[in-house]
Amino acid sequence: PAETLEELVSLCKRRGFIFSGSDIYGGLQGTYDYGPLGVELKNNLKAAWWKAMVYERDDMEGLDSSILTHRLVLHYSGHEATFSDPLVDNRISKKRYRLDHLLKEQTPGVLEAVAGAMGLSEVSLAALVARMLAEPERAASAMNAAGVVDPADGARGDWTPPRPFNMMFRTQIGPVADEESFGYLRPETAQGIFINFKNILDATSRRLPFGVAQIGKAFRNEITPRNFIFRVREFEQMEIEYFVKPGTDEEWHQRWLEIRLAWWEAQGIPREQIQVLDVPKEDLSHYSKRTFDLMYNFPTLGFEEIEGIANRSDYDLGSHTKGQSGLRIQARVMENRHSTARLAVQDPETKEWFVPFVIEPSAGVDRGVLAILSQAYTKERLPNGEERVVLRLKPHLAPIKVAVIPLAKNKEEITAYARRLKAELQALGLGRVFYEDTGNIGKAYRRHDEVGTPFCVTVDYDTIGKSQSGSPALKDTVTVRDRDTMQQERVAVSELAAYLQERLRF
Ligand code: ATP
């Protein structure tokens, strides 16, 4: 794995995986653009998820709901009231921080002093933040007295009382800018699934348990976006809402934990690089009965969340349904005066209507990309003393599957052969096949090692039947080089498709 985040950032920029957003105008904080190789890797990751979570199961349906969202959706979901992070300003440096992030960066002594001043003996960060938000004036004095420093310059700050900051992007919809005509960019893809529950049920006649999967963008106005694509303001999620009968939810929650860990393993993230955090009660989101966070061991950052698997109980469907009072909803929900749909199912035996519980495995595409890149990144010392950087990506995730390299760029017969071969291989549907004619062969191998291309296929004089030795035996054969072993094999062109298909099958 990579040792630092910096070496990944540098590789990503140099080779065209990821660039900072709006770069030529100085950058737009919290946004990144996926370059030529990044878009392939990301698409491959999403396709792997869709294949495993939708196509290979018989209890799933897909959805692609809109990003622009009616404000009532996010009113009844609880996001308007509670989807916020605690914010605090340093009056001296004018810098703004997420309170929990700021506290985490203090020395233990300072943190204890703040907690002590807030009347807490044990330092649980979540409990401390909650107390500080409840008593903001006292919190400001506590921070100032304890000498909380600004991580940007290490100097003591003059801290304002903390306040909750809603992370949703509100946006005007339509030409009239009055107080009513606004909506939100969705902060999670999940709500699109809940509000379509009845549509999907009517269209598919599904019975419990079943799930709905969705991949798409989500937006959060993070107070301090940071750590490359780990914490950004625009990101992508791969979410499943899996609807089950109340009472079976805890068992399904465990099952999904195992399914998801196995999936990450298949993407090249070994089980031992993930810690499963059983999120403490005081840290749970407003909708959650219990949550497991999958924490990947990132370089530089340490263990951080790549996926949350939440038991959202009947909170969401219960919040968005009409006729709440007749449905014996277990979660505490707001009274809904606007919904036009009953988001419930009927018990086939008792004929009673009830609201399903939902298990939600919610993974970040960008954090997944970062984890996969970190894990795949390898620096090797070769026998000749040289250093080689190789991305040991699972072949199905590799941005380029095969590079076809003509050994001589100015020999028409060779380049024409290579181009024809490239087109034939491309037609196999393996993913991107790349015609590589820049630099010498050694450089080409090095470049493709660095971006994780599993196979390099070289077309040379032997291939076209013009070997230096004059022997025609190698006509219509090519050299295939394996990224991981660096072994080269001579393979007949007539067998190349089968050779590659077998090794790249997924
Ligand atoms: P965090 O605690 O790190 O802010 P979260 O617990 O709020 O994350 P969830 O609401 O559970 O995150 O979202 C599910 C997934 O979406 C996360 O596991 C993560 O992979 C991804 N995600 C959430 N916020 C961001 C972000 N700002 N940038 C990139 N990915 C994100």
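We count ligands from 1, going down the list as the structure has it; atoms in each ligand are counted the same way. Quick caveat, the model's predicted, so the values are computed rather than measured.
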Ignoring angles and geometry beyond distance, decide whether [X] reaches within less than 3.5 Å of ligand 1 through its nitrogen or oxygen atoms.
X      : result
Phe230 : yes
Ala363 : no
Ile306 : yes

Exceeds 12 heavy-atom contacts within 6.0 angstrom, atom NE2 of His70: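 Not more than 12 within 6.0 Å, no.
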Enclosure of Lys198 NZ (heavy-atom neighbours >12, cutoff 6.0 Å): no
Heavy atom of the protein closest to [atom] (residue, atom name, distance):
atom                    : value
atom 4 (O) of ligand 1  : Arg231 NH1, 2.8 Å
atom 16 (O) of ligand 1 : Gln237 NE2, 3.3 Å
atom 23 (C) of ligand 1 : Arg220 NH1, 3.4 Å
atom 22 (N) of ligand 1 : Phe235 CE1, 3.4 Å
atom 15 (C) of ligand 1 : Ser362 O, 3.7 Å
atom 2 (O) of ligand 1  : Glu305 OE1, 4.0 Å

Near-ring test Phe17/Phe19, centroid separation under 6.0 angstrom: no
Nearest option to atom 28 (N) of ligand 1, as decided by whichever heavy atom of Asp283, Val232, Val279 sits closest: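 Among Asp283, Val232, Val279, the closest heavy atom to atom 28 (N) of ligand 1 comes from Val232.
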